[in-house]
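Since the structure comes first, as structure tokens, the remarks are kept for the end.
Every value quoted in this text rests on a predicted model; they were computed, and no experiment measured them.
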Amino acid sequence: MAKKILIVDNNELMIEVMTYILTANGYDVVSFHDAGNIFAEIKTSHPDLVILDVLLPGLDSLEICKLIKLNRNTKNLPVIICLPGEDVGTALNQKGAPDDVLLKPFGINNLIEKVEYQLAA
């Protein structure tokens, strides 16, 4: 059974690119343009990994990650946050930090390596 990945990004093209890459590598992908229903989606679809863009309108992705990581039901759900390189220290040095960071722009191999690493952990 294929691992399920939830992608939340407000950029339609970015979702299409990541979905194409991940499905071509055998993953099931569910995607959303905003994180308004992320917790309901996690509860119903039970993803194996969440990829969050740091720039979501109206919501703080780092705060969403923190809520995922501090919830006893989702604390073991791996989260990768996509962000520009200058924000890495902030993202990784907080309570409820993501499991990994994917720097934009990223290469195909970099995305696959990070996903595989998190799903193998």
Side-chain angles (χ1 to χ4, degrees):
M1 187 168 170
K3 298 278 186 171
K4 186 179 291 183
I5 299 172
L6 173 61
I7 300 172
V8 184
D9 196 310
N10 65 332
N11 183 324
E12 175 92 25
L13 182 59
M14 186 59 64
I15 287 176
E16 286 180 29
V17 169
M18 284 196 285
T19 299
Y20 178 80
I21 293 167
L22 294 169
T23 55
N25 282 275
Y27 298 104
D28 282 339
V29 176
V30 177
S31 62
F32 289 95
H33 299 287
D34 66 72
N37 295 322
I38 189 169
F39 297 104
E41 182 58 34
I42 289 171
K43 189 174 183 178
T44 55
S45 70
H46 306 286
D48 298 294
L49 172 71
V50 175
I51 299 176
L52 279 175
D53 184 59
V54 75
L55 300 173
L56 293 173
L59 295 168
D60 181 349
S61 298
L62 296 175
E63 186 63 27
I64 292 168
C65 180
K66 182 178 176 181
L67 291 172
I68 291 170
K69 292 307 199 176
L70 296 179
N71 181 307
R72 66 180 167 88
N73 295 321
T74 57
K75 67 182 180 183
N76 295 321
L77 177 61
V79 177
I80 297 174
I81 289 196
C82 300
L83 47 76
E86 65 268 9
D87 296 333
V88 173
T90 303
L92 294 176
N93 294 320
Q94 67 168 354
K95 188 175 184 179
D99 298 280
D100 208 344
V101 170
L102 183 62
L103 300 179
K104 287 183 174 180
F106 57 84
I108 294 171
N109 291 336
N110 193 10
L111 172 63
I112 296 301
E113 287 171 7
K114 289 187 179 288
V115 167
E116 287 176 351
Y117 180 81
Q118 289 306 317
L119 291 175

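Closest heavy-atom contact between Ala35 and Leu56: CB-CD1, 3.8 Å. Shown here for Cys65 and Gly96, the closest heavy-atom pair between the two residues is SG-O, 3.4 Å.
With rounding to the nearest 0.5 angstrom, the CD atom of Glu116 is 9.5 Å from the CG atom of Asn109. Expressed to the nearest 0.5 Å, how far CD1 of Ile80 lies from CE of Met18 amounts to 9.5 Å. Expressed to the nearest 0.5 Å, how far CG of Leu52 lies from OG of Ser61 amounts to 5.5 Å. Taking CD from Glu113 and CD from Gln118, the interatomic distance works out to 12.5 Å, rounded to the nearest 0.5 Å. Atoms CE and NZ, from Met1 and Lys3 in turn, are 10.0 Å apart once rounded to the nearest 0.5 Å. The distance from the CG atom of Asn10 to the CD1 atom of Ile15 is 8.0 Å, given to the nearest 0.5 Å.
Hydrophobic clustering (side-chain heavy atoms under 4.5 Å, transitive across Ile, Leu, Val, Met, Phe, Trp, Tyr) groups Ile108 together with Val17. Taken together through direct or relayed side-chain contacts under 4.5 Å among Ile, Leu, Val, Met, Phe, Trp and Tyr, Ile5 and Phe106 form part of one hydrophobic cluster. Residues Leu70 and Leu62 do not share a hydrophobic cluster, clusters being chains of Ile/Leu/Val/Met/Phe/Trp/Tyr side chains in contact below 4.5 Å.
Side-chain atoms of Lys114 come within 3.5 Å of backbone N or O of Val101 as a donor-acceptor pair. Between the Lys69 side chain and the Leu77 main chain, a donor and an acceptor come within less than 3.5 Å of each other. The closest donor-acceptor contact from the side chain of Asp99 to the backbone of Val79 lies under 3.5 Å. In this structure, the side chain of Asp48 engages the main chain of Lys4 through a donor-acceptor pair within 3.5 Å.
Put simply, the side chain of Val50 reaches to within 4.5 Å of the side chain of Ile38, judged on heavy atoms. Side-chain contact between Val115 and Asn25 is absent, with no heavy atoms from C-beta onward closer than 4.5 Å. Within the 4.5 Å cutoff, the side chain of Leu22 has heavy atoms near those of the Ile51 side chain. Using a 4.5 Å heavy-atom threshold, the side chains of Phe39 and Ile68 count as touching.
Dense packing is recorded around CG of Asn110, with more than 12 heavy atoms of other residues, nucleotides or ligands lying under 6.0 Å away. Heavy atoms from other residues, nucleotides or ligands lying under 6.0 Å from CG of Leu67 number more than 12. Environment of OH in Tyr20: sparse, with no more than 12 heavy atoms of neighbouring residues, nucleotides or ligands closer than 6.0 Å.
Tested against Ile42, the residues Asn73, Asn37, Asn71, Leu6 include a single side-chain contact (heavy atoms from CB on, under 4.5 Å) partner, Leu6.
Classification of Lys104 and Asp53 as a salt-bridged pair holds, one side-chain N sitting under 4.0 Å from a carboxylate O.
Scored by the side-chain hydrogen bond (donor to acceptor under 3.5 Å, both in side chains) test, Thr23 finds no partners at all (sequence neighbours excluded).
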